[in-house]
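This report concerns only the one structure given below.
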Amino acid sequence: MKTKDLSSIALMTSILIILGIIPGIPLGIIPVPIVLQNLGVILAGLVLGTKRGTWSILLLLLLAALGLPVLSGGRGGFSVFLGPTAGYMFGWILTPLLTNWGLSLLKDNKRFLLQFIMTWCAAVLTTDLIGTLWLTWQNNMSFTTALLSNIVFLPGDTLKVLLSLLLAKALKSQSFSQNALL
């Protein structure tokens, strides 16, 4: 990897950590709070592309596994990978890949609505599905109950996708983005 790539990965990981400092909003009905850190995960894929975006997320998760409090709510340590939010974090790893794959299917179509739909499916739908499967297994919930519990996150996650796309487009217009898909 080039120095520019490493710097971009480190910068995005720093942004992910900063977004993790902002406390999650607990819902009380399930053990998973609303957090802003996943906005950064979506942004990582959009701004850095598949490879660098995935590396920045993996670096964040490695730092968390080593015990650093880099996840939302100041969480860290290997135990977070066994808790109720672990499935969502596993879904984060796929977000840059699926987002950029989906956007590449659009080819030269620059319509914002199509980009939004592709990004939403890759970042929200996939992550929520993986998180639901994990919650089902980890908390002995029925799949339907776990899936329905994710509905409360959809408006916020939809807004996060919208903000991520707008930020990525603004960064691209300023030549900060290395991703040619937007």
Side-chain angles (χ1 to χ4, degrees), residues 1 3-100 119 122-141 145-147 149-150 152-161 163-164 167-168 171:
M1 272 194 210
T3 304
K4 183 176 180 181
D5 293 334
L6 292 173
S7 299
S8 297
I9 291 166
L11 179 62
M12 185 55 70
T13 304
S14 299
I15 291 169
L16 288 166
I17 292 168
I18 290 167
L19 288 171
I21 292 171
I22 300 168
I25 302 165
L27 298 176
I29 56 175
I30 62 170
V32 181
I34 295 175
V35 298
L36 289 181
Q37 202 160 37
N38 57 350
L39 181 142
V41 170
I42 301 165
L43 195 60
L46 291 172
V47 173
L48 297 182
T50 301
K51 190 165 109 177
R52 290 179 297 268
T54 302
W55 276 112
S56 90
I57 293 163
L58 286 171
L59 179 57
L60 174 77
L61 297 178
L62 174 65
L63 293 170
L66 292 173
L68 296 172
V70 295
L71 297 173
S72 292
R75 297 174 308 125
F78 193 74
S79 63
V80 297
F81 295 98
L82 301 174
T85 60
Y88 300 95
M89 292 185 297
F90 298 142
W92 287 356
I93 298 168
L94 295 175
T95 297
L97 170 71
L98 295 175
T99 300
N100 285 286
T119 304
V124 176
L125 190 63
T126 303
T127 301
D128 282 355
L129 180 60
I130 294 169
T132 297
L133 291 170
W134 183 267
L135 259 157
T136 299
W137 174 78
Q138 201 268 348
N139 282 354
N140 293 322
M141 296 173 95
T145 302
L147 186 62
S149 69
N150 280 310
V152 298
F153 294 102
L154 292 180
D157 288 344
T158 300
L159 183 58
K160 292 173 198 175
V161 170
L163 289 173
S164 295
L167 281 168
L171 290 171

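Keep in mind that the numbers below use all heavy atoms, side chains included, and drop hydrogens, waters and symmetry copies.
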Hey, does Val124 have a side-chain heavy atom less than 4.5 Å from the side chain of Thr158?
no
Where Pro96 and Gly53 come nearest, the two heavy atoms and their spacing
CG-C, 3.7 Å
Within the structure provided, determine whether Ile42 and Val161 are in side-chain contact (heavy-atom separation under 4.5 Å).
yes
Considering all heavy atoms, the nearest Ser56-Met12 contact:
OG-CG, 3.5 Å
Which atom pair, heavy atoms only, marks the closest approach of Ala122 to Thr99?
CB-N, 3.4 Å
Which heavy atom of Pro84 sits nearest to which heavy atom of Asn139, and what is that distance?
CB-ND2, 4.1 Å
Are any of the side-chain heavy atoms of Leu39 and Leu159 separated by less than 4.5 Å?
no
Of all the heavy-atom pairs spanning Leu154 and Asp128, show the shortest one and how long it is.
CD2-OD2, 3.6 Å
Over 60° means perpendicular and under 30° means parallel, so classify the ring planes of Phe153 and Tyr88, tilted if in between.
tilted
Return the CG to OG1 distance between Leu94 and Thr50, rounded to the nearest 0.5 Å.
11.0 Å
Enumerate the residue pairs fulfilling side-chain hydrogen bond (donor to acceptor under 3.5 Å, both in side chains) with a member in residues 58-72, sequence neighbours excluded, ordered by first and then second residue.
Gln37-Ser72
Around atom CH2 of Trp55, are there more than 12 heavy atoms from other residues, nucleotides or ligands closer than 6.0 Å?
no
Is the backbone of Gly45 close enough, under 3.5 Å, to the side chain of Asn100 for a donor and an acceptor to pair up by distance?
yes
When rounded to the nearest 0.5 angstrom, what is the spacing between CG in Leu147 and OG1 in Thr136?
8.0 Å
Nearest-0.5 Å distance, NZ of residue Lys160 to CD1 of residue Ile34:
6.5 Å
Leu125 and Leu129, any side-chain heavy atoms less than 4.5 Å apart:
no
To the nearest 0.5 Å, atom CG of Leu60 lies from atom CD1 of Ile9 at 13.0 Å
Would you compute the distance between atom CD1 of Ile130 and atom CG of Leu135 and round it to the nearest 0.5 angstrom?
12.5 Å
Shortest non-hydrogen separation from Leu82 to Gln138 and the atoms involved
O-NE2, 3.2 Å
Enter the distance from Thr132:OG1 to Met141:CE here, rounded to the nearest 0.5 Å.
9.0 Å
Does the side chain of Thr13 reach to within under 4.5 Å of the side chain of Val70, using non-hydrogen atoms?
no
When you compare the side chain of Leu16 with that of Val41, does any pair of heavy atoms fall below 4.5 Å?
yes
Going by heavy atoms in the side chains, are Asp5 and Lys51 under 4.5 Å from each other?
no
